Engineer: 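Okay, here's the structure, questions in a sec.
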Amino acid sequence: MKTIAVDSLSKSYLVTEKKPGIRASLKHFVARKTSFIRAVDNISFNINEGEIVGFIGSNGAGKTTTLKMLCGLIYPSYGSVSVAGYIPKLREKSFLRKITLVMGQKQQLIWDLPPMDSLRVNAAVYGLTDREFSLRIDELASMLGLNTELSRPVRKLSLGQRMKAELLASLLHRPSVLFLDEPTLGLDINAQLRVREFLSAYNQKYGATILLTSHYMGDITSLCKRVLLIDKGKLFHDGSLSALTEQLSPCRFVQIELAEPVNDISLAKYGEIVHQEGQLVKLLIPRSELTSRITSILSNYQIKDLEVKDPPIEQLIGKLLALGSFND
Amino acid sequence: MIKYLRSTSEVFRVLFSFWSTSIASELEYQLNLVIEIISVVANLTGSIFILSLFYSPTTNLGGWSWHASLVVLGIYTILDGYTTSFLHPNLSRIVRHVQNGTLDFVLLKPINSQLWLSFRIFSPWGIPSILSGITLVIIGFINSQANFSIKSLLLSILMVLSSFIILYSLWFLIATTSIWFVRVWNANEVLRSTLVAGRYPISAYPESLRRIFTFILPIAFLTTVPAEAILNILSYRIAFLSLILAIAFLFISKRFWMFALKFYTSASS
């Protein structure tokens, strides 16, 4: 069942431009020069119930704008959106009860009070009974690994604890569609892992549909089977992450630690050498030739260590976006 | 009807949670609490001193005896407290919400966003003004020897309510424009200082100002009209006009907010 359906969605913004300097500022104050910017340009996709989809792209690619149109915060300039059978921009109460938006860089918890106070406000707004409230708090808090933090003022919590409390506040009404905009922003590795585990558990337990943006590829690779790649407002890829890597890079990344130094020319026949430092060599080898070439390397050289992996996805995407050639 | 009652009780539950958290926020900083109390006391002493100057026996002001104009001053003080408790903390936050993009969270809650934005915060620091305003009204009323009747009491309550609504709507209208202009602090300040004009009976002002305060800025309906209702000298025509004005302003503020939201672009992340 389709939970999210997006068809030819576009959004243009009116923006003002100003050159630096006093004169330009005065001019800007009197007569503003404005122009339209296309933040989202004719994108279409569907997301099924229970899917976790990663939404990736560089800064300013149009991810957040799209998420906000899906929530109903921003009116689309063109095209149609349907989420859980509702038209988001109408912001009907029954729709708002089904969704949530978590933003890694903005917070809804009251800064001076313990999260518990903010949670009570949310419970009242969503009309939860006291029993429902305490049951859900217990459940979500144990899934997130929170306990005494909930009764400490928010300003005294660490970033990781605060983010977990933010998640709790956003999920108290048990939404079935989650929009997560950089939920792991600024978190250390442990906290990131915890948040990922939690999201995956929530998804399995409630069959929730999750659309997630992140700059940490770890979030995407561990949670999302499917990714949407967007750049300059256009959708470049919609499919599995492995298909994207394969399409982006026909090669695999092989790292070899040799027992003794050799000259690089002798290894160059096996693949493109990306990096060589002492006995450490990094090669790119075409996927189709991978097995035969590795066998040959192993029989011709003394190898201490060998590792095969996909090139880091960040690099691939960076390369792709720099070329801008993916559309063809 | 039952549905209506249920939704009303839900609104009260939400308001209760709002106000208990905002009072808790104030109590979080002990020193600040002490400072606030000192400032409220100092403010009150200042007002009472100025008041004592009014008590000197002089001629009346625009047809209002000193005691009758005390009622106007009392209503003004109540409105000032109302502004401190609700309008100022809430509506200046709208501007901040727009600036920081946290308005997103409010708009995604299944609750009337205008209700949330207007009553989310309750600052207890307006209470002393409200109490001293009420005291002033009572003193002024007793000394001006006006007739008391249930009818005039009800009419007075109605007129005070309508004054609350008019002031609120004006304030909310200005705060709404922050959707486009983002920073509208100054406009809020202008409104607050205009309200100061409501300290004195409207007829104390020269004809031209009186017209402006009645027809352009409804200052007359904020303080003078409720005071006239209390003193039992209000004509029904004006009372009716005040109610119409309150309903119209409230309606316009609501529609304007809905209209403005269509232009909300949300601060970038």
Side-chain angles (χ1 to χ4, degrees), chain A residues 11 13-15 39 59-60 63-65 67-69 71-75 88-89 91-114 116-128 153-155 166 169-170 173 175 179 181-182 185 213, chain B residues 6-30 32-33 93 96-116 119-122 179-182 257-269:
Chain A
K11 177 73 191 178
Y13 284 121
L14 193 64
V15 291
N59 288 329
K63 298 178 304 244
T64 306
T65 305
L67 278 192
K68 285 184 176 164
M69 284 193 279
C71 297
L73 285 170
I74 301 182
Y75 281 56
K89 69 173 180 185
R91 279 207 293 268
E92 290 164 76
K93 284 186 182 168
S94 44
F95 166 70
L96 296 177
R97 284 175 182 282
K98 284 205 162 82
I99 65 153
T100 201
L101 172 69
V102 177
M103 291 177 279
Q105 61 284 82
K106 289 177 197 168
Q107 56 158 16
Q108 62 165 324
L109 297 174
I110 306 166
W111 186 247
D112 289 324
L113 295 179
M116 214 49 167
D117 288 280
S118 305
L119 293 173
R120 277 188 196 287
V121 172
N122 277 9
V125 168
Y126 286 101
L128 301 183
V154 172
R155 63 170 193 278
E166 283 285 339
S170 315
H173 60 290
F179 299 107
D181 194 11
E182 313 245 4
L185 193 78
T213 79
Chain B
R6 215 175 61 206
S7 69
T8 313
S9 82
E10 269 168 22
V11 166
F12 279 116
R13 191 178 160 216
V14 170
L15 289 181
F16 177 75
S17 77
F18 281 176
W19 298 343
S20 58
T21 52
S22 45
I23 290 174
S25 279
E26 294 288 345
L27 297 180
E28 187 63 28
Y29 296 103
Q30 289 126 328
N32 193 43
L33 187 82
R93 261 168 71 107
R96 230 174 313 148
H97 274 314
V98 172
Q99 247 178 335
N100 302 337
T102 42
L103 186 59
D104 295 354
F105 289 121
V106 179
L107 296 178
L108 290 182
K109 294 280 186 298
I111 185 176
N112 183 325
S113 55
Q114 186 170 355
L115 177 82
W116 173 297
F119 296 106
R120 174 67 187 82
I121 306 286
F122 166 73
I179 296 275
W180 293 280
F181 307 117
V182 185
W257 175 243
M258 301 307 279
F259 173 72
L261 282 184
K262 294 193 177 168
F263 296 88
Y264 177 59
T265 50
S266 180
S268 169
S269 50

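Quantities reported herein were computed from a predicted structural model and do not represent experimental measurements. Quick note on labels: first sequence line is chain A, next is B, and so on, each numbered from 1.
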Engineer: When rounded to the nearest 0.5 angstrom, what is the spacing between CD in A:Gln107 and CG in B:Asn100?
Structural biologist: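 Reported value, rounded in 0.5 Å steps: 10.0 Å.
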Engineer: First locate atom CG of A:Asp117, then atom OG of B:Ser22, and finally report the distance between them rounded to the nearest 0.5 Å.
Structural biologist: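 Here the rounded value is 10.5 Å.
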Engineer: Say you draw a straight line from CZ of A:Arg91 to OG of B:Ser113; how long is it, rounded to the nearest 0.5 Å?
Structural biologist: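 Here the interatomic distance stands at 6.5 Å.
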Engineer: Which bit of A:Glu92 comes within less than 4.5 Å of chain B, counting heavy atoms only: side chain, backbone, both or neither?
Structural biologist: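 Neither part.
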Engineer: Might you point out which heavy atoms bring B:Trp116 and A:Val121 nearest each other, and give the distance in Å?
Structural biologist: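 Smallest interatomic distance, heavy atoms only, reads CH2-CG1, 4.3 Å.
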Engineer: Between A:Leu96 and B:Lys109, what is the shortest heavy-atom contact and its length?
Structural biologist: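 That closest heavy-atom pairing would be CD1-O, 3.4 Å.
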Engineer: Could you tell me which of B:Leu103, B:Leu108, B:Ile111 has the largest number of non-hydrogen atom pairs under 4.5 Å with chain A?
Structural biologist: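 If we count pairs closer than 4.5 Å to chain A, B:Leu108 comes out on top.
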Engineer: Heavy atoms only: give me the nearest B:Phe105-A:Met103 pair and the separation to one decimal.
Structural biologist: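 Closest approach of B:Phe105 to A:Met103: CZ-CE, 3.6 Å.
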Engineer: Residues in salt bridge (Lys or Arg N to Asp or Glu O under 4.0 Å) with B:Arg13, at least two apart?
Structural biologist: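 B:Arg13 satisfies salt bridge (Lys or Arg N to Asp or Glu O under 4.0 Å) with no other residue.
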Engineer: Which pair of non-hydrogen atoms, one from B:Tyr264 and one from A:Leu73, has the smallest distance, and what is that distance?
Structural biologist: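 Scanning both residues, the minimum pair turns out to be CD2-O, 3.9 Å.
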Engineer: Got a sec, which residues hit side chain to side chain contact (heavy atoms under 4.5 Å, CB included) with A:Ile110, two or more places apart in sequence or on another chain?
Structural biologist: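 In terms of side chain to side chain contact (heavy atoms under 4.5 Å, CB included), with neighbours along the sequence ignored, A:Ile110 is linked to A:Leu113, A:Ser118, B:Thr21, B:Ser25, B:Arg120.
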Engineer: What is the minimum heavy-atom distance between B:Leu261 and A:Tyr75, and which atoms define it?
Structural biologist: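 Closest heavy-atom pair between B:Leu261 and A:Tyr75: O-CE1, 4.3 Å.
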Engineer: For A:Leu185, is it the side chain, the backbone, both or neither that has a heavy atom under 4.5 Å from a heavy atom of chain B?
Structural biologist: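 When you check distances to chain B, no heavy atom of A:Leu185 falls under 4.5 Å.
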Engineer: Where on B:Leu15 is there a heavy atom nearer than 4.5 Å to chain A: the side chain, the backbone, both, or neither?
Structural biologist: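 B:Leu15 has no heavy atom closer than 4.5 Å to chain A.
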